[in-house]
A.B. asks: 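Could you have a look at this structure, given as structure tokens, before my questions?
In the text below, chain A, chain B and the rest are named by the order of the sequence lines, each starting its count at 1. Given the structure is predicted, the values throughout are model-derived calculations rather than measurements.
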Amino acid sequence: MTVTQAPPQTTTAPAPLPRRRTNLEPYLYLLPHAVLFFVFTVYPIGYGVYISLHRWDLLSGRQPFVGGEFFRNIFTPGTPQFDFFWKTLWNTGFFTLVSVPLLVAAALGLALLLHRPIFGRAFFRAVFFMPGILTVSVMGILWRWLFDNQIGLVNAAREALTGAPPIPWLSTEGLAWVPIVVGTVWWTVGFNMTLYLAALGNVPQSLYEAASLDGATPWQQFRHITVPMLAPVTLFVVVTTALASFQLFGQSLIITNGGPNRSTQSVIQYITEEAFTNTQYSSAAAMGFVFGLFMLVLTAAQFRMMARDVKGD
Amino acid sequence: MTDLAPTSSARTAPPRRRMPRDLPRFIVLCLLSVLFLAPVYWMISTSLKTEADTIATPVQWIPHNITLDNYREVLTSPDGNILRWTWNSLFVAAAFTVLHVALCALTAYPLARMRFPGRNAWFWFILSSLMIPGIVTLIPTYIMMLNFNWINSYHALIWPGLSGVFGVFLLRQFFMGIPRELEEAARLDGANSLQILTRIILPLSIPSLVTLAVFAFMGSWNNFLWPLYTVTDVDKMTLPVGITTFSQRYVTEYGKLMASTTLAAVPALIAYLVAQRFLEAGLSTTGLKE
């Protein structure tokens with residue numbers, strides 16, 4: 001876009017004092033945020049490199065230089081850092097692979113159910129959206145209780161319906177993912193549904209009218225009109241949901257505490273354990289960088305979509 | 001944008017024929033609603049049961065002896081104070097929101113409305129930080145908090161997040177859309193840039209300022225990981241972290257556990273009921289412009 005200059009600047013009289021004032025002004029506006037940006041975004045990145053290349057020992061107060069030792073640990077089979085980092089990274093990836101298709105498909109399904117007018121539509125929308133307003137700890141404590149090994153609601157309902165004995169969901173490898181994934185879908189699907197509802201409202205009705213005149217079945221209309229028209233929002237939903245899933249932390253921490261046998265521990269939980277339980281800050285900082293690289297690949301996709309929105313020069 | 005009713009009902013058949021066709025859809029929605037509401041119902045009903053009834057078999061779908069003892073005990077527990085945590089969360093979220101919106105507006109203003117050397121370079125420089133995953137700065141920022149002596153203080157919960165730039169981006173996009181003529185007229189009347197910001201730009205930007213404020217408040221209110229490690233003093237904890245200490249304490253006392261989660265959910269539920277329409281519209285339009 002073309003930016004017209006403020007009148008005082010475009011006048012021919014170049015009085016030095018006002019000119020200087022106008023030139024300094026924008027920087028003064030930028031200053032407060034810039035200070036915080038340097039202190040809490042730019043500096044920590046550099047500081048993180050420094051920490052990861054030294055052995056940070058809070059007790060002795062000494063921080064000897066160790067070079068790439070902590071990065072090497074992550075890539076050297078046999079070290080606990082290697083074993084647990086890659087195991088928990090795999091766990092996080094597994095969670096993402098399972099939860100993203102569910103969260104996209106369920107959101108689209110709910111949006112399609114609610115798109116056309118129906119009695120009680122506002123109520124249904126509110127019901128599906130509402131769980132998302134709970135904080136992760138409320139959601140986590142609730143779903144741990146629902147899937148309690150002995151007397152949780154899920155086991156109770158199962159027993160009432162089929163007479164089957166309770167399943168120890170939380171302490172069985174593999175099954176422990178069920179409450180985490182189901183709880184996450186319940187918790188966040190309403191957000192994606194809202195995005196889909198907005199997008200469905202933007203699909204021109206004339207397309208459907210034309211298709212019906214041509215004798216297209218509802219399935220054909222869905223397949224050839226709805227799905228392509230929703231492609232941009234689907235891309236957005238997939239990327240943002242994948243990013244959020246890769247940040248898995250609170251759900252598995254609270255519902256299973258990463259167990260049994262670290263089978264549901266997320267990589268972020270492992271990094272915080274390395275830092276705050278094992279007080280291996282340097283090792284955790286190094287893992288933060290390696291995991292950050294994985295995240296960066298995912299974020300780049302989102303960033304590109306956002307940059308497309310940036311207007312102007 | 002979210003009001004789809006007029007356009008879609010215009011093309012469907014008259015109500016008499018539509019009703020039976022919609023009935024299956026209505027039934028499916030009702031069943032799904034029951035599934036979605038069941039966990040919340042179970043949370044509240046468990047919180048109203050006596051401890052023995054919470055683990056009774058067969059399971060009590062409707063509490064037999066309704067009691068408020070769990071709430072009384074949770075609210076007066078010596079191990080933590082839900083009201084105190086709620087206050088901490090409110091204070092931190094409110095302080096963060098006010099500062100964040102003010103900082104973002106101050107920063108977005110020159111980036112959107114002034115011409116000066118380095119404008120685009122600075123915009124892209126700070127915007128590129130959106131690519132940096134939070135986990136990269138987690139440990140160094142924590143060590144900084146140790147060095148600043150900010151562990152167990154509100155400072156740790158407020159200041160680091162203020163360096164965020166998404167709000168700057170959001171407001172800049174909005175500010176750029178405001179007609180330049182308004183600004184020029186004010187300038188001819190002798191208004192300085194601060195007056196233009198506070199009397200023209202900001203009043204015209206209230207929808208986007210409120211959207212940003214809601215996002216900032218919710219983000220701070222729901223923050224979990226960072227407060228979990230930077231605040232270990234029970235009196236300084238925020239609500240999400242505080243109630244997890246109850247979950248460790250009441251590990252087999254489900255009535256008290258559910259009373260505490262119900263109480264923790266109440267502020268968000270009230271806020272949601274008040275701001276529901278706005279919230280959903282804001283979520284569906286922000287960050288996704290076609």
A.B. asks: Does any heavy atom of chain A fall under 4.5 Å from the side chain of Phe224(B), the backbone, both, or neither of them?
C.D. replies: side chain
A.B. asks: With a 4.5 angstrom heavy-atom cut-off, could you sort out which part of Leu146(A) is near chain B: side chain, backbone, both or neither?
C.D. replies: side chain
A.B. asks: For the residue pair Tyr47(A) / Thr141(B), report whether a side-chain donor-acceptor contact shorter than 3.5 Å exists.
C.D. replies: no
A.B. asks: With only heavy atoms counted, which part of Val138(A) is less than 4.5 Å from chain B, the side chain, the backbone, both or neither?
C.D. replies: both
A.B. asks: Please state whether the side chain, the backbone, both or neither of Phe246(A) comes within less than 4.5 Å of a heavy atom of chain B.
C.D. replies: neither
A.B. asks: Leu194(B) versus chain A, heavy atoms under 4.5 Å apart: side chain, backbone, both or neither?
C.D. replies: both
A.B. asks: Side chain, backbone, both or neither: which part of Val290(A) has a heavy atom under 4.5 Å from chain B?
C.D. replies: neither
A.B. asks: At a heavy-atom separation under 4.5 Å, does Phe148(B) approach chain A through its side chain, its backbone, both, or neither?
C.D. replies: side chain
A.B. asks: Measuring heavy-atom distances to chain B, does Phe276(A) have an atom under 4.5 Å in its side chain, in its backbone, in both, or in neither?
C.D. replies: side chain
A.B. asks: Under a 4.5 Å heavy-atom cut-off, does chain A meet the side chain of Leu106(B), its backbone, both or neither?
C.D. replies: both
A.B. asks: Check each atom of Leu28(A) against the heavy atoms of chain B and say whether the ones under 4.5 Å are side chain, backbone, both or neither.
C.D. replies: neither
A.B. asks: Any idea how Phe125(B) and Phe38(A) line up, ring-wise: parallel (<30°), tilted (30 to 60°), or perpendicular (>60°)?
C.D. replies: tilted
A.B. asks: Output the distance between atom CE (Met144(B)) and atom CD1 (Ile51(A)), rounded to the nearest 0.5 Å.
C.D. replies: 9.5 Å
A.B. asks: Using a cut-off of under 4.5 Å on heavy-atom pairs, state which of Cys30(B), Ser260(B), Ala38(B) scores highest against chain A.
C.D. replies: Cys30(B)
A.B. asks: Please classify the contact of Met258(B) with chain A as side chain, backbone, both or neither, using a heavy-atom distance under 4.5 Å.
C.D. replies: side chain
A.B. asks: Quick check on Tyr27(A) against chain B: is it the side chain, the backbone, both or neither that has a heavy atom closer than 4.5 Å?
C.D. replies: side chain
A.B. asks: Side chain from CB out, backbone as N, CA, C, O: work out which of these in Ile254(A) comes under 4.5 Å of a heavy atom of chain B, or both, or neither.
C.D. replies: side chain
A.B. asks: So, Thr272(A) and Tyr229(B): side-chain donor and acceptor under 3.5 Å apart, yes or no?
C.D. replies: yes
A.B. asks: In terms of ring plane angle, is the pair Trp145(A) and Tyr254(B) parallel, tilted or perpendicular, where the classes change at 30° and 60°?
C.D. replies: parallel
A.B. asks: Measure Leu31(A) against the heavy atoms of chain B and call it side chain, backbone, both or neither at under 4.5 Å.
C.D. replies: neither
A.B. asks: Go through the atoms of Leu273(B) and report whether side chain, backbone, both or neither lie under 4.5 Å from a heavy atom of chain A.
C.D. replies: neither
A.B. asks: Between Ser163(B) and Phe40(A), what is the shortest heavy-atom contact and its length?
C.D. replies: OG-CB, 3.7 Å
A.B. asks: Taking atom types as modelled and ignoring hydrogens, do the side chains of Ser137(A) and Thr244(B) form a donor-acceptor contact shorter than 3.5 angstrom?
C.D. replies: no
